[in-house]
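Worksheet: the structure to be examined is printed underneath.
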Amino acid sequence: MIGVGPGGFVRYLLSMLAGPLIWFIYFSVIYGVVGFGGAFGFAPSGIRLFAWAATLAAGAALILLLWYARRSRASIEPKGPRAVHEVAGFLTALSLFAVLIEALALLIVPL
Amino acid sequence: MEAHQAVLSPGGSDAETIATLGWVMFAGGSAIFLGVIGLAVYAHLGGETLRRRLASRRLVFVGGVLFPAVTLTALLTYGLILTGARLAAPEADALRIEVTGEQWWWRVRYPATGDAPEIVTANEIRIPIGRQVEIRLASVDVIHSFWVPSLAGKVDMIPGTVNRIRLHATRTGTYRGQCAEYCGAAHALMAFYVVALEPAQFEDWLAGQRQPAAGPLTALQKQGEGLFLSTGCNGCHAIRGTPAAGTIGPDLTHVGGRLSIAAATLPNAAASFARWIRDNQHIKPNNRMPAFRILPDDQLAALAAYLESLK
Amino acid sequence: MSDFPNALPRPKGELAELEAIWKLPRGPGVLTVVNNTYIGLAYVATALLFFVLAGILALLMRLQLAVPDNTLIDQGTYNQFFTMHGTVMMFLFAVPVVEAVGILLLPQMQAARDLPFPRLSAFAFWAYLIGGLFFFGSLFFGLAPDGGWFMYPPLTGTRYSPGDNADFWLVGIGFIEISAIAGAIEIIVGILRTRAPGMTLDKMPVFAWAMLVFAGMILFAFPAVILATFLLELERAFQWPFFIPDKGGDPLLWQHLFWFFGHPEVYIIFLPAAGMVSMIVPAMTGVPLVGYRLVVVALVATAFFSFGLWVHHMFATGIPELSLAFFSAASVAVAVPSGIQVFSWIATIAAGRLRLTVPSLFVLGFLAIFVIGGLTGVMVAMVPFDLQTHDTYFIVAHLHYVLIGGMVFPVFAAIYHWTPILSARPLSERLGRWSFGLLFVGVNVTFFPMHIVGLMGMPRRVYTYPEQMGWDWPNLLSTAGAFAIAAGVLVCLVDLALNFRFTTTGSAGNVWRAGTLEWLPNEVYGTRSIPVVSSREPLWDDANLAEDVRAGRYFLPGASTGGRETLITSPIHADPQYLLQIPGPSWRSLLAAAFTAAFFLLLTVKLVVPAVACGVLAVAMIIAWLWQTDPGANHPPVDIGDDLVLPVYVTGPASHSWWAMVALLLVAASLFIALFFSYLYNWTVSPQVWPAATGQRLPVASWPAASATAFMVGSVAMAFSGQMLARAREYGDWPVRLGIACACLALAAGALIELQGHWQTGLRPAMNSYGALVYAVIAVQCQLVAVAVFMGLYTIARSAAGMLTPVRRATFDNTLLFCHYTVGQGLLGLLIVHGFPRIAG
């Protein structure tokens, strides 16, 4: 019984929080490149391109995750794990929304 | 004196845009508030069928996720468009002014243009209507914030950085501004006026400001000028056209023509000058000017008369 | 029923033994109590005391602002008042009170006997009480800070604030934050490892979820402000120019660090309160929460999004528009999870029949006020609108709607709701209704007009305003409302005085017929036996549960090891893992807290010698306290019922102490990340003070190489020591001790080499912001190394005392983890300090 170590918990935590974690990394990246990019000598067009690339990558990752969560929810036995996948799915969906409205900001506001 | 200092009574285009945004959000916000409260009341008092319909995860989904996602996206789009519009390039004929925040007053500079010399004044900015004004904002000590709500939103004045704000007055009038970032002891008493004038009037005013101070006319004023130079006032204050060239405090070349003294703390009047010189540490505690309590009444009156004459 | 873990009747004397073990100490020893109910209650009471004190300051300020040009309070005093009001409400009321409710209720909700580190809770409480009282006392000597609760430099630097006032804030609050972090670690381990068997994460009460998220957020948010206070104190004391623009610092760095803490802080306060509401609504309607998992999602999502909002406190600082737009969008995103919770409560009300008790009224009042605060919050997330309302009374109105609506009302609801657990009588429904009515009307009359006066142009933090502004009537109204709020609070206090009769034996019990475990019969030792949970509302699903638990039919009906103990379960599924022996009452943690508080406060007023004396005593007390921990397998495995035989001692990743150490290291890591951000930030603002521009010589590569080697030797030595410990029976204890000693030496050498490497180039911390940041990285590393060395020496001492064996090695494992982390951070620090200037300039 003692064998249930923290490894399982970390996996659990990561599978639950993957969506928001992707959002947070994405947010740090776009804020970082817009805030600090100039100081590193990046041209505004390069910064924009980078930010869009990050947006697409984050969006794609979240959609993939969403699909994965859906599939696992359908296939995995009821009870415990189902809850994780459901919570993870919702969190991913919310994170996707958050990424999309960041994209809105990127679309509308010039650098 | 009627001076506007209100977000919802705009006299400039930036403030107008924001006031419209504000009204849209107040209306929308009120509707949403009433809707949520109405729903809560229904949830408690409504009929059995209605309540059963509300008691589902669907409500949480629709009300808590879909509805906010849609309305917020719409509002954010509106807000972002306004935010982006702030980045337009300055107009070519924009009037340029520099304002520096100092504990607890505002130094105002109209930079030299062509052969017209620089003008330095304090606690009052005059601008023409119908023309863009770009103000460079700086601070020499702590953080202040430049805010004239009837004309535009606020921008902070941060030591080590120069920020910019654009004003575009559409209506003539007197607008009051006030420091909006807590800046220490007398933060509450750090206000100023922006006077928006017809362009022609503005040019007249500008021409007047470029002149050095008019010499004293009466004997009393003359005595005042002498006292100004002998009691140490000139150590901190400048009056162009006289030997007084101090730069620590406000430039007083045309102080008599301003609407107020001590950063909109007292109305401009001879009596105010006298009170200020003697009692400023009570009127505006901790301000950087020492109180000249030793000056006898007649000398005070002479100084006040002289300063009041500097139109 | 025969399928219970334990058969009846229970042996004679079992209950008496349990009572004797857990009973309150007598006489002055009562101060040494560590039981979570007592500490939790004292904690809540102290937080309420600070609520009242800060509220009195608010009343005085409202009196000053009641009429224009008022001279009741002078500007200096007023500035101290608003600074203290904000600081005390945020740091000494809001965070502590929710932490306190957690300490008070979580063990009951999870049917644990106590939290895993009761002495740590006691330490956190005493540190908070003593530190808080002295901090507040600074007001009476005119020494209270007056730079605003946000303490923006340069105003709070020595040039513009030469007195000790600002130091009181920096040292006092920094210290109280540390106590909050201690509490957060306790709560995380408590929630993850001490739940009743079967209480999987998906069956955990929403309040526990909220507290888990709350504590997690503290680990990542608080280090930023601790770092900020550390840097500003270094600047004030030794002129290290982190925030001074003339020397390449930037005042905005402070704002970034402060709000990186400050915005999550709002949700740190709100989420537990929302968790309380999610407990009260089902209890009062008699049906489970609708959309439980969605609410959990909302809590977690809020926590994440709240870390992407900090710049919305800085919209007016001249940051590029696109950056503002990102934060504006994130500020909008965070509204969605709040929507989820609001509609979940409404759906739950519709699902059942809400009984309009006092807790329900406070919840409904909360709903109305919080929705208004949330809506104005969305308004100010719009950059242009915020540029008008930022730093005006509109924001004062908004934040009080959010914090009073979102936090104070739920806390009052909680007081009325959970009092029957602890008191022989519930609170009065009649007085409660009066209190609610006064508070609800008072809050709206006070704060609604502030929206209007803000739009009329009234800025915040002004001690007076001229008559012609037309701000007089809304201000007068606000002042009148403030007294209604005060009356509402007073009525509640009277109610508490009249009806709150603390008891651990005959509490009023489950008067609301709620379904969660805290409503089981609770005594001084918690529940008599620890039930197996199979649903979210066990009391609703098993009518006999309370009786069976009280009779001792479930797990652990007595004290199997003859001392205080609680069940440790696995973090996800809550399977029983081992029996934790927890320490009882002690003077040591109390004295440690007192001396630590004294150390910091004496240092603030620059009484260095007494401060050092207190510091030494504090360390001595901490050692004395720690010495009693890590008891080892001093008892054979015990049968807790159902043939479940559990060990009483576990080490490594399964042990609760290992989890606490990991949480602590997360705190250290977030502090280091904040420091790296500061380095990068000041470089972008002032590359002109970095070596590429100044020609400052960098230490040649052999210096960092030597330092890195020393650090790695430290790690290897510790790892070696660990191997030797496992084989101590073959080789004896001396290789273990030797390994630790080598590690200590190597770590110290690594830090000193790095320090000397920079010193010999002529770089000094006061020269410019580059120098200050380089030495700040070194200083933070030196602190870690000092702690690691301290832990190493302590571990050697344990070994010498025969308290370190291949089995009894939890102390060693913690030291090992800490040393490895110290090395990791040291290497990263070297990489940044030596690599960055070589690559980027």
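As the structure is a computational prediction, the values presented were derived from the model and not from experiment. Letters go in sequence order (proteins before strands), and every chain restarts at 1.
- Remark: Tyr78(B) OH is packed, more than 12 non-hydrogen atoms of other residues, nucleotides or ligands lying under 6.0 Å away.
- Heavy atoms of Ser344(C) lying under 4.5 Å from chain B belong to its backbone as well as its side chain.
- The contact between Leu87(B) and chain C is made entirely by side chain atoms (from C-beta outward), counting heavy-atom distances below 4.5 Å.
- Considering only heavy-atom pairs separated by less than 4.5 Å from chain B, the leading option among Ala381(C), Pro154(C), Gly147(C) is Pro154(C).
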Criterion side-chain contact (heavy atoms from CB on, under 4.5 Å) on His187(B) and Arg460(C), from CA distance to verdict: CA-CA 10 Å; His187(B) 164 63; Arg460(C) 295 170 78 171; over 6 Å; no
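- Between the CH2 atom of Trp147(B) and the OG1 atom of Thr392(C) there is a distance of 5.5 Å, given to the nearest 0.5 Å.
- For Ile340(C), the parts lying under 4.5 angstrom from a heavy atom of chain B are both the backbone and the side chain.
- Heavy atoms only, all atoms of each residue included: Leu294(C) and Val60(B) are closest at CD1-CG1, 3.7 Å.
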Derivation and outcome, side-chain contact (heavy atoms from CB on, under 4.5 Å), residues Arg176(B) and Met469(C): CA-CA 10 Å; Arg176(B) 192 171 182 273; Met469(C) 301 308 298; 3.5 Å; yes
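- Interface remark: Ile37(B) contributes side-chain atoms only to the contact with chain C (heavy atom separation under 4.5 Å).
- Judged purely by atom type and a 3.5 angstrom limit, Arg57(B) has no side-chain atom pairing as donor or acceptor with the backbone of Gly291(C).
- For Ala152(B), the part sitting under 4.5 Å from any heavy atom of chain C is the backbone (N, CA, C, O) and nothing else.
- Residue contact with chain C, scored on non-hydrogen atoms closer than 4.5 Å, involves the backbone and the side chain of Glu181(B) alike.
- In terms of heavy atoms, Leu375(C) sits closest to Gly29(B) at CD1-O, 3.3 Å.
- At a 4.5 Å heavy-atom cutoff, the contact between Leu252(C) and chain B is made by side-chain atoms alone.
- Of all the listed residues (Pro149(B), Pro68(B), Gly79(B)), the one sharing the greatest number of non-hydrogen pairs under 4.5 Å with chain C is Pro149(B).
- With chain B as partner, the option from Thr464(C), Ile372(C), Val378(C) having the largest number of non-hydrogen pairs under 4.5 angstrom is Ile372(C).
- Using a 30° and 60° split on the angle between ring planes, Phe385(C) and Phe26(B) fall in the perpendicular class, above 60°.
- Of the two parts of Pro320(C), neither the backbone nor the side chain holds a non-hydrogen atom closer than 4.5 Å to a non-hydrogen atom of chain B.
- Annotation: the span from Arg461(C) atom CZ to Cys183(B) atom SG amounts to 11.5 Å, rounded to 0.5 Å.
- Interface remark: of the candidates Ala347(C), Gly454(C), Gly339(C), Ala347(C) forms the most heavy-atom pairs closer than 4.5 Å to chain B.
- Only the side chain of Phe150(C) comes within less than 4.5 Å of a heavy atom of chain B; its backbone N, CA, C and O stay farther away.
- Taking Ala333(C), Pro251(C), Ser331(C), Gly470(C) one by one and counting their heavy-atom pairs under 4.5 Å with chain B, the maximum is reached by Pro251(C).
- The minimum heavy-atom distance linking Ala15(B) with Gln388(C) is given by the pair CB-NE2, 3.9 Å.
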side-chain contact (heavy atoms from CB on, under 4.5 Å) between Phe343(C) and Val65(B), worked out: CA-CA 9 Å; Phe343(C) 282 93; Val65(B) 182; over 6 Å; no
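- With a threshold of 4.5 angstrom between heavy atoms, Pro384(C) approaches chain B through its backbone and through its side chain.
- Both the backbone and the side chain of Leu72(B) come within contact range of chain C, each with at least one heavy atom under 4.5 Å from a heavy atom of that chain.
- Looking only at heavy-atom pairs under 4.5 Å with chain C, the residue among Gly160(B), Ser145(B), Pro159(B) that has the most is Pro159(B).
- Both the backbone and the side chain of Ile349(C) come within contact range of chain B, judged by heavy atoms closer than 4.5 Å.
- In this structure a side-chain-to-backbone donor-acceptor pair under 3.5 Å is present from Arg353(C) to His44(B).
- Only the side chain of Gln255(C) comes within contact range of chain B, with heavy atoms under 4.5 Å apart.
- Contact of Tyr78(C) with chain B is not made at all, since no heavy-atom distance falls under 4.5 Å.
- Counted within 6.0 Å of CZ on Arg288(B), heavy atoms from surrounding residues, nucleotides or ligands total more than 12; the atom is thus considered enclosed.
- No more than 12 heavy-atom neighbours from other residues, nucleotides or ligands sit within 6.0 angstrom of CZ on Arg159(C).
- The contact between Ser56(B) and chain C is made entirely by backbone atoms, counting heavy-atom distances below 4.5 Å.
- Only the side chain of Tyr160(C) comes within contact range of chain B, judged by heavy atoms closer than 4.5 Å.
- Note that NE2 of His390(C) and CG of Asp156(B) are 5.5 Å apart. Values are rounded to the nearest 0.5 Å.
- Taking CG from Leu455(C) and CD from Gln5(B), the interatomic distance works out to 12.5 Å, rounded to the nearest 0.5 Å.
- Of the two parts of Ala264(B), neither the backbone nor the side chain holds a non-hydrogen atom closer than 4.5 Å to a non-hydrogen atom of chain C.
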side-chain contact (heavy atoms from CB on, under 4.5 Å) assessment of Met379(C) paired with Leu75(B): CA-CA 9 Å; Met379(C) 294 179 193; Leu75(B) 177 64; over 6 Å; no
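- For Leu8(B), the parts lying near chain C are the backbone and the side chain together; criterion is any non-hydrogen pair under 4.5 Å.
- Looking at Ile244(C), there are no atoms closer than 4.5 Å to chain B (heavy atoms on both sides), in backbone or side chain.
- For a residue to count as touching a neighbouring chain, one of its non-hydrogen atoms must lie under 4.5 Å from one of that chain's; by this rule Asp386(C) touches chain B with the backbone only.
- Interface remark: Val342(C) contributes side-chain atoms only to the contact with chain B (heavy atom separation under 4.5 Å).
- For a residue to count as touching a neighbouring chain, one of its non-hydrogen atoms must lie under 4.5 Å from one of that chain's; by this rule Asp141(B) touches chain C with backbone and side chain alike.
- Note that the OG1 atom of Thr317(C) and the CD1 atom of Ile143(B) stand 8.5 Å from one another [nearest 0.5 Å].
- Test Leu76(B), Ile18(B), Leu82(B) against Met382(C) for side-chain contact (heavy atoms from CB on, under 4.5 Å) and you get one pass: Leu76(B).
- For Asp391(C) and Tyr182(B), the side-chain atoms include no donor-acceptor pair closer than 3.5 Å.
- Atoms CZ and CG, from Arg86(B) and Leu324(C) in turn, are 8.0 Å apart once rounded to the nearest 0.5 Å.
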